[in-house]
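Structure first, then comments.
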Amino acid sequence: MQSELSIVWIYPDLLSTYGDQGNVLVLEHRARARGIATRTVHVRSADPVPQYGNIYLIGGGEDRPQILGAERLRRDGGLRAAVAHGAALLAVCAGYQIMGTVFGGEDGRPVEGIGLLDISSGRGERRAVGELVADVDPALGGLPRLTGFENHMGVTRLGPGVRPLSRTIVGTGNGDGTEGCYAGRIIGTYLHGPALARNPALADLLLSWVVGPLAPVDDHWYQRLRDERLAAALPPA
């Protein structure tokens with residue numbers, strides 16, 4: 001297990017809506033609770049993305065910041081290099097769409113993504129807003145049911161190079177009965193909340209990809225939040 005975990009938060013000045021920066025705080029907390037020191041780098045859009053971090057996070061945003069973020073990530077190349085070096089990545093909402101080959105920008109006009117995920121996104125007919133509940137792909141090791149909040153117009157099509165992260169029970173997700181996707185050490189999702197506060201097992205999956213097996217920690221606060229949100233989102237039995 002390594003002595004220090006490097007967490008990189010990409011473009012907080014462009015892509016940090018709906019509390020997505022909370023994902024950084026959750027990773028810091030769950031690492032430190034296990035005795036793993038953390039170093040967090042906030043990379044603003046005018047700065048180069050470092051190539052040798054361990055876990056990278058990018059959040060959601062509006063159309064124009066999303067387009068600017070995609071343009072700068074394509075030019076920069078640091079995130080692509082980091083993933084090639086074995087880094088883990090969590091991309092949320094607008095950030096998730098940017099990781100694909102194309103997404104719908106202003107007025108639905110297609111914008112080139114950075115191609116780290118085999119997905120393409122466009123605009124749906126109506127906005128997906130509300131609680132989202134989904135069952136995780138069993139291949140990820142038996143993670144519990146996901147819960148989060150979605151607010152997007154996106155419809156995302158998955159190519160053969162990715163697998164769905166989960167199957168929706170409540171909410172829209174990708175628009176085809178699935179929510180998010182994953183490939184290698186990359187996870188893309190529409191879940192806000194923030195996602196890792198409401199789904200601590202997902203945070204631990206990211207951590208385990210870079211530091212190895214994890215010791216158990218006190219999950220009382222996280223589990224109470226998760227249980228409350230699941231109870232509110234699911235229809236009565």
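For the numbers below, each heavy atom of this structure counts, side chains included, while hydrogens, waters and symmetry mates do not.
- Using a 4.5 Å heavy-atom cutoff, the side chains of Ile7 and Arg39 are not in contact.
- Put simply, Ile169 and Leu202 are part of two different groups of oily side chains (I, L, V, M, F, W, Y) that touch within less than 4.5 Å, one to the next.
- When side chains are defined from C-beta on, Ile119 counts as touching Cys181, because their heavy atoms get closer than 4.5 Å.
- Between Leu79 and Ile114 the shortest heavy-atom distance is CD2-CD1, 4.0 Å.
- Applying side chain to side chain contact (heavy atoms under 4.5 Å, CB included) to Leu90 and the options Ile55, Leu205, Leu196 leaves one that passes, Leu196.
- Residues Val136 and Pro144 approach most closely at CG2-O, 3.4 Å, considering heavy atoms.
- Under the 4.5 Å side-chain contact rule for hydrophobic residues, Val92 and Val83 do not share a cluster.
- Between Val8 and Asn54 the shortest side-chain heavy-atom distance does not fall below 4.5 Å.
- Formation of a donor-acceptor pair under 3.5 Å by the His29 side chain with backbone atoms of Leu25 is not found in this model.
- Cluster annotation: Phe103 is connected to Tyr11 through the hydrophobic network of ILVMFWY side chains, with a link wherever side-chain heavy atoms come within less than 4.5 Å.
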>> Could you walk me through whether Glu150 and Val129 satisfy the side chain to side chain contact (heavy atoms under 4.5 Å, CB included) test, starting with their C-alpha distance in whole Å, then the side-chain angles of each, then the deciding distance to 0.1 Å, before giving a yes or no?
In response: CA-CA 5 Å; Glu150 62 180 341; Val129 181; over 6 Å; no

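- Within 6.0 Å of NE2 in His42 there are more than 12 heavy atoms belonging to other residues, nucleotides or ligands.
- A salt bridge links Glu131 to Arg198: at least one charged side-chain nitrogen sits closer than 4.0 Å to a carboxylate oxygen.
- Inter-residue side-chain proximity for Asn174 and Tyr96 is flagged as met; some heavy-atom pair is nearer than 4.5 Å.
- Residues Val102 and Pro110 come closest through the heavy atom pair CG2-CB, 3.7 Å.
- Here the side chain of Asp107 pairs no donor or acceptor atom with the backbone of Arg109 at under 3.5 angstrom.
- Residue Arg123 comes nearest to Val155 through the heavy atom pair C-CG2, 4.3 Å, listed as atom of the first residue, atom of the second, then distance.
- Of all heavy-atom pairs between Gly184 and Trp209, the closest is O-CH2, 3.8 Å.
- In this model, no donor atom of one side chain and acceptor atom of the other lie less than 3.5 Å apart for Asp135 and Ser166.
- Among all heavy-atom pairs drawn from Ser208 and Leu214, the shortest one is N-CD1, 4.0 Å.
- In summary, the side chains of Asn151 and Arg127 do present a donor paired with an acceptor at a separation below 3.5 Å, with no hydrogens or angles considered.
- By the criterion of side-chain heavy atoms lying less than 4.5 angstrom apart, applied directly or through intervening Ile, Leu, Val, Met, Phe, Trp or Tyr residues, Leu191 is not grouped with Leu234; the two fall into different hydrophobic clusters.
- Between Glu179 and Arg167 no salt bridge is recorded (no basic side-chain N to carboxylate O distance below 4.0 Å).
- Side-chain atoms of Asn199 do not come within 3.5 Å of backbone N or O of Ala201 as any donor-acceptor pair.
- Between the side chains of Thr189 and Tyr182, not a single donor N or O lies within less than 3.5 Å of an accepting N or O.
- The side-chain heavy atoms of Asp20 and Trp9, taken from C-beta on, include a pair separated by under 4.5 Å.
- In this structure, the ring of Phe149 has its center no less than 6.0 angstrom from the ring center of His192.
- Looking at heavy atoms from C-beta onward, Thr168 lies out of side-chain contact with Thr178 at the 4.5 angstrom threshold.
- Judged by distance alone, with hydrogens and angles left aside, the side-chain atoms of Asp219 form no donor-acceptor pair with the main-chain N or O of Pro200 at under 3.5 Å.
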> Could you walk me through whether Leu57 and Ile10 pass the side chain to side chain contact (heavy atoms under 4.5 Å, CB included) check?
Replying inline: CA-CA 6 Å; Leu57 301 105; Ile10 300 172; over 6 Å; no

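- Contact check for Ile36 versus Glu4: no side-chain heavy atoms found under the 4.5 Å cut-off.
- Val210 and Val217 are assigned to two separate hydrophobic clusters, defined by single-linkage of ILVMFWY side chains at heavy-atom distances under 4.5 Å.
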> Do Tyr222 and Arg30 pass the side chain to side chain contact (heavy atoms under 4.5 Å, CB included) test, and can you show the C-alpha distance, the side-chain angles, and the key distance before you say yes or no?
Replying inline: CA-CA 11 Å; Tyr222 294 99; Arg30 295 186 74 79; 3.2 Å; yes

>> Go through it in stages, so that I can follow the logic: the residues are Leu116 and Arg80, the test is side chain to side chain contact (heavy atoms under 4.5 Å, CB included), and I'd like the CA-CA distance, side-chain angles, deciding distance and then a yes or no.
In response: CA-CA 7 Å; Leu116 285 178; Arg80 178 176 292 280; 3.9 Å; yes

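- Between Leu206 and Arg185, the closest side-chain pair of non-hydrogen atoms is not below 4.5 Å.
- By the 6.0 Å contact criterion, CZ on Arg64 is enclosed, its count of non-hydrogen atoms from other residues, nucleotides or ligands being greater than 12.
- Side-chain contact check for Glu62 and Thr17: no donor-acceptor pair (N or O, by modelled atom type) lies under 3.5 Å.
- Here the side chain of Asp137 pairs no donor or acceptor atom with the backbone of Leu165 at under 3.5 angstrom.
- In the displayed structure, Arg44 atom CZ is contacted under 6.0 Å by at most 12 heavy atoms of other residues, nucleotides or ligands.
- Checking Gln97 against Tyr190 by side-chain atom types alone, a donor-acceptor pair falls below 3.5 Å.
- Arg72 has no carboxylate O lying under 4.0 Å from a charged side-chain N of Asp47, or vice versa, which leaves the two without a salt bridge.
- Remark: Leu73 CG to Leu15 CG distance equals 8.0 Å, nearest 0.5 Å.
- Put simply, the side chain of Arg229 never gets that close to the backbone of Arg226: no donor and acceptor are under 3.5 Å apart.
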> Hey, mind stepping through Thr40 and Glu28 against side chain to side chain donor-acceptor pair (under 3.5 Å) and telling me if it holds?
Replying inline: CA-CA 8 Å; Thr40 300; Glu28 290 174 341; 2.5 Å; yes

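- No side-chain donor-acceptor contact under 3.5 Å links Arg157 and Ser121.
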